[in-house]
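Written below as structure tokens is the structure these notes are about.
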Amino acid sequence: MLDKTYDPKEIEARRYPEWEKAGAFRAHPESPKQPYCIVIPPPNVTGSLHMGHALDNTLQDVLIRWRRMKGDDVLWQPGTDHAGIATQMVVVRNLEQEGIGLAVEGAVKGDANKKLLNREEFLAKVWEWKAYSGGTITSQLRRLGASCDWSRERFTMDEGLSRSVLKVFVDLYKAGLIYKDNRLVNWDPKMLTAISDLEVESREVKGHLWYFKYPIDGSDEHIIVATTRPETMLGDTGIAVHPDDPKWKHLIGKHAILPLVGRRIAIVADEYSDPEKGSGAVKITPAHDFNDFEVGRRHQLDAINIFDKFARVNENAPEKYRGLDRFDARKKIVAEMEELGLVEKIEPHAHAVPYGDRGGVPVEPYLTEQWYADAKKLAEAPIAAARDGRVKFVPERGRDDFFRWMESIEPWCVSRQLWWGHQIPAWYGPDKKVFVALSEEEAKAEARAHYGKDVALERDPDVLDTWFSSALWPFSTLGWPDKTPELAKYYPTSVLVTAPDILFFWVARMMMMGMQFMGDVPFRTVYLHGLVTDEKGQKMSKSKGNVIDPLELIDKYGADALRFTMTSLAAPQAGRLRLATSKVEGSRNFATKLWNATRFAEMNGAALPEGFDPASAKLTVNKWMLGELARANLAIDKALTEFRLNEAANTLYEFIWGVVCDWYVELTKPILQGADGPEKDETRAVTAFVLRETVKLLHPVMPFITEELWDKLGHRAHHGALIGQPWPVPTAVDAAADAEMGWLVKLIQDIRSARAELNVPAGAKLKLLVIGGNDTTKGRLETHRAAIERLARIEGVEAATSAPKASLQLVIGEATYALPVGEVIDLKAESARLQKEIKKLADEIGKIDSKLGNAAFVSRAPEEVVEEQRERRSQAEQTKVRLSTALERLGG
RNA sequence: GGGCGCGUAGCUCAGCGGUAGAGCACUGUCUUGACAUGGCAGUGGCCACAGGUUCGAUCCCUGUCGCGCCCA
């Protein structure tokens with residue numbers, strides 16, 4: 001006997017290890033079954049599960065479990081990402097608390113006693129940290145129920161994947177697709193590394209707009225430039241004005257003298273400057289602004305780098321500013337300009353400032369030499385693949401975003417000045433000649449060939465952008481560059497499930513690398529889901545304090561409840577998924593509901609006889625139930641095929657709660673609790689059958705409770721675990737049974753509704769008189785008498801020729817039903833109720849008449865639509881007439 | 001400023017040209033032998049606004065207003 005309520009905690013803790021031990025998650029590359037593969041978006045190895053993971057992995061697991069039951073050979077490839085900058089930052093912060101720093105060249109000298117770690121020592125600490133916290137996220141994924149093939153777990157810095165990374169770098173270098181270049185990068189002066197455009201987030205900042213006067217050379221005139229960053233004036237090498245700007249046009253070709261510095265700088269005409277903005281003249285600092293860099297290049301202006309890597313003023317600036325932090329330099333410069341009377345005005349100004357998303361400080365556009373991948377070239381094949389449909393996007397608009405990004409792509413800066421990551425396989429000779437090779441030995445051999453002797457080589461200290469290794473994930477995890485059976489079978493993978501915020505970071509780069517090294521797309525479909533936010537639609541963040549911890553929800557409501565909630569929220573077009581705990585609570589209640597329906601079945605001896613054939617069912621209610629099951633089955637398959645996981649969840653909810661519990665269980669109570677016999681046997685069998693199929697259909701979304709119920713229902717003993725069962729095949733729907741049950745449900749609902757409206761005491765049992773019922777109706781009333789009596793609180797069903805005066809009257813189809821209520825009834829209320837019904841019908845008839853009265857409608861609308869309207873009109877008319885008769889009778 | 005998306009019940013959202021839906025909240029009622037984490041019955045909508053296409057528009061198109069997100 002099942003307990004009264006479902007206890008997720010105990011069951012989840014038991015079921016998961018059971019599956020894992022039994023090898024239920026294992027892929028079978030050797031099997032002839034069709035492959036279905038998803039690679040997990042690898043979470044940060046030292047991270048922990050947040051709501052985004054919960055959503056993403058729930059959706060993946062739903063698909064994976066469904067396809068597994070469908071009979072595919074399923075591989076859900078798990079693993080974690082070393083997350084270079086994020087992990088390094090965490091470890092640095094931890095070390096700082098112990099008073100340990102990094103021995104970074106040029107660092108500010110603080111406490112002389114501070115212990116400083118060199119690269120090797122630091123990396124040892126990171127690996128230590130990984131060993132300590134690396135299991136957290138995977139154990140949390142297990143708690144969610146994720147059925148990954150853990151025997152194949154990978155890590156972006158494990159030996160195999162590192163080998164893939166080296167090979168890709170070397171091959172791309174040899175193909176000319178990776179090169180060194182001196183360009184402006186986004187420099188993070190806190191992390192001391194270049195970061196990519198994608199790692200920059202712009203924040204709205206309330207700053208100022210300073211209007212500075214620069215004297216014109218050989219004149220008393222000044223030109224006024226407006227800037228949000230006064231400190232960069234130390235690197236100004238020009239001033240741009242719009243060629244048609246009447247205010248400054250006359251100065252084009254002249255020169256200004258840069259205050260504080262004394263440099264003579266050119267005034268050039270460039271459409272970049274907007275006469276409407278600021279003063280209309282823009283100071284140009286090519287080395288510290290991306291737009292200025294372009295302007296500078298157009299007009300051959302020098303690019304003078306005025307900062308060091310900490311964003312302190314360097315030796316290219318006048319001595320008195322050297323060593324100042326950029327913000328201190330700003331204050332000093334503004335003060336001095338004011339003293340010189342060169343500040344025209346200062347306006348408050350809100351503008352976007354680029355921040356490093358990790359370091360959290362404003363990034364500095366900075367001129368450095370870095371390694372770049374030729375993204376433009378690499379993007380060609382992915383663009384073509386997306387265009388010709390080799391890769392599909394769900395929802396489709398993801399494809400447009402993809403194109404927009406890919407078609408305007410900039411060189412990808414792949415080097416990072418960090419220690420944690422894949423060190424770039426490049427070695428430099430004494431003359432700085434570079435040798436790129438898979439190993440130091442190979443590099444040495446190349447160097448020997450080049451120099452004609454052995455020379456000392458120095459390895460490039462930089463590491464690769466984290467996304468470089470994750471770009472290889474769909475094939476590196478399958479064993480590439482070796483030709484493994486896994487690679488042959490599972491590549492291209494079936495679908496990639498992820499949030500759109502890493503479409504460019506990750507999806508685009510996997511496409512590039514997949515096309516380049518595998519010659520095919522990495523996945524057939526990209527399924528992009530929305531972002532989980534709090535109830536108010538706010539992004540969850542620690543600083544806002546609105547973070548909901550998925551594990552707390554699992555603890556409180558169970559993993560299945562969280563999974564069901566996530567699935568039902570995941571409408572493909574929804575950008576934001578607002579998570580309210582009330583929803584999770586509702587999902588928990590849903591689990592309880594199913595649990596209790598099963599408990600009811602168990603109490604009533606539901607059992608599946610050997611070789612039971614659902615097609616053999618004879619009772620209408622059972623035939624109808626089986627048809628509803630088939631309908632749900634079809635709808636779920638369709639929804640999952642189309643990645644409308646929310647619809648699958650909603651179908652399950654409505655089917656289990658609205659059909660099975662609300663109607664089937666209630667309708668069959670009289671049979672199950674009545675006399676023994678073939679009807680009871682059949683109903684017990686169908687109940688057991690429906691529950692068995694239901695737990696299968698629900699399993700992908702709620703794996704724990706369904707596995708438990710499957711076991712409790714006794715199927716596990718015969719067929720093994722639910723996770724490995726074949727997916728149900730829908731049977732036929734019996735239209736006649738459908739019609740009959742539709743009638744029955746309406747009869748019961750109408751009686752209940754009338755009773756409630758007339759305040760008939762809930763406990764009062766009424767007689768049901770049938771007036772004008774045809775033989776079909778009479779037969780149905782007899783068939784379902786017990787159910788009607790129970791569910792509508794009726795005692796006795798009889799034929800009659802007319803309704804007694806004091807009675808409730810209903811019209812369904814050709815028959816009128818009267819429920820004599822004697823003293824209880826309020827005649828006025830009943831009269832009002834009937835009149836309301838009549839008015840509703842009259843309104844409907846009026847609407848239909850205006851349609852049918854429209855000649856264009858009758859001639860142009862499809863025949864069946866017109867016919868349907870006529871049919872509805874006729875039904876409404878008949879019902880209205882009968883209700884009017886009933887009303888007259890009442891009025892007497 | 002450019003691109004994209006969204007405005008449907010009090011709230012959160014489904015709705016794929018032909019009878020406006022769900023969950024939560026709310027009201028009334030019921031401790032009926034599965035379930036009060038429940039049952040039954042209800043209340044509540046000019047489907048943002050204005051045009052257009054169509055026999056017919058919540059749905060397709062255009063514009064306006066409001067709100068988000070991404071990119072400058």
Side-chain angles (χ1 to χ4, degrees), chain A residues 1-2 4-6 197-198 200-202 274 276-277 290-291 351-352 354 395 397-398 400-401 404-405 408 500-501 503-504 530-531 533 535-539 557-558 561 565 568-583 585-604 606 638 642 644 646-647 649-650 653-654 657-658 661-662 665-666 669 672-673 748-763 790-793 844 847-848 850-862 864-866 868-869 872 876:
Chain A
M1 174 78 159
L2 258 47
K4 200 168 167 182
T5 50
Y6 167 61
D197 296 349
L198 295 171
V200 174
E201 56 178 32
S202 54
D274 179 354
E276 306 295 314
K277 260 163 106 181
F290 287 95
N291 290 313
H351 60 120
R397 84 179 106 87
D400 298 332
D401 292 338
R404 244 189 303 286
W405 163 253
S408 61
D501 56 350
L503 182 64
F504 308 136
L531 230 56
T533 68
E535 231 166 321
K536 289 176 231 141
Q538 302 265 326
K539 238 182 194 173
Y557 301 106
T565 305
S568 63
L569 285 174
Q573 73 283 13
R576 282 184 301 187
L577 313 183
R578 294 183 210 229
L579 179 70
T581 48
S582 64
K583 286 211 171 93
E585 202 177 307
S587 304
R588 186 271 319 265
N589 296 352
F590 175 55
T592 309
K593 189 75 182 176
L594 173 66
W595 183 263
N596 276 290
T598 311
R599 185 161 172 265
F600 166 82
E602 189 186 39
M603 288 167 68
N604 285 278
K638 184 165 187 287
E642 295 168 357
R644 299 145 93 96
N646 60 319
E647 276 184 27
N650 294 340
Y653 190 93
E654 173 53 29
W657 202 314
C661 295
D662 287 351
V665 164
E666 295 302 328
K669 271 179 183 171
L672 292 174
Q673 292 164 5
I748 293 167
Q749 283 178 329
D750 283 1
I751 296 172
R752 284 170 170 172
S753 178
R755 288 177 59 125
E757 220 165 315
L758 272 287
N759 293 316
V760 176
R790 181 183 181 109
L791 300 186
R793 306 242 124 190
E844 193 186 338
K847 252 197 213 162
I848 297 174
S850 72
K851 265 191 189 180
L852 290 171
N854 180 351
F857 173 71
V858 180
S859 64
R860 298 212 193 174
E864 62 269 24
V865 172
V866 178
E868 194 198 329
Q869 294 295 323
R872 261 170 47 198

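A quick note: this is a predicted structure, and the numbers were derived from the prediction, not measured. Throughout, protein chains are lettered first and strands after them, A, B, ... in sequence-line order, and every chain is numbered starting at 1.
Side-chain nitrogen and oxygen atoms of A/N589 include none within less than 4.0 Å of the OP1 or OP2 phosphate oxygen of B/rC35. Residue A/K851 places no side-chain N or O under 4.0 Å from the OP1 or OP2 atom of B/rU19. Checking the phosphate oxygens (OP1, OP2) of B/rA36, a side-chain nitrogen or oxygen of A/K4 falls inside 4.0 Å. Remark: A/W657 is in phosphate contact with B/rG39, judged by side-chain N or O atoms under 4.0 Å from OP1 or OP2. Contact annotation: A/Q673 side-chain N/O to B/rA34 OP1/OP2 distance is under 4.0 Å.
In this structure, A/K669 forms a cation-pi arrangement with A/F600, its terminal cationic atom sitting closer than 6.0 Å to the ring centre and no more than 45° off the ring axis.
Residue A/S753 is in sugar-phosphate contact alone, with no base atom involved, counting any heavy-atom pair closer than 4.0 Å across all strands shown. A/R588 comes within contact range of at least one nucleobase, with a heavy-atom separation under 4.0 Å. Looking at heavy-atom distances under 4.0 Å, A/E647 makes contact with a base. If you check every strand for non-hydrogen atoms under 4.0 Å, A/D662 touches sugar and phosphate atoms only.
One C1' atom belongs to B/rU58, the other to B/rU19, and the distance between them is 14 Å to the nearest Å.
If you measure from atom CZ of A/R755 to atom P of B/rG42, you get 13 Å, rounded to the nearest angstrom.
When distances are taken from the side chain of A/F857 to each of B/rA34, B/rA20, B/rC55, the shortest belongs to B/rC55. The side chain of A/R397 sits closest to B/rG5 out of B/rG5, B/rC40, B/rC30. Checked against B/rA34, B/rG18, B/rG3, the side chain of A/E868 finds its nearest nucleotide in B/rG18. When the nucleotides B/rU54, B/rC4, B/rA14 are ranked by their closest atom to the side chain of A/R404, B/rC4 comes out on top.
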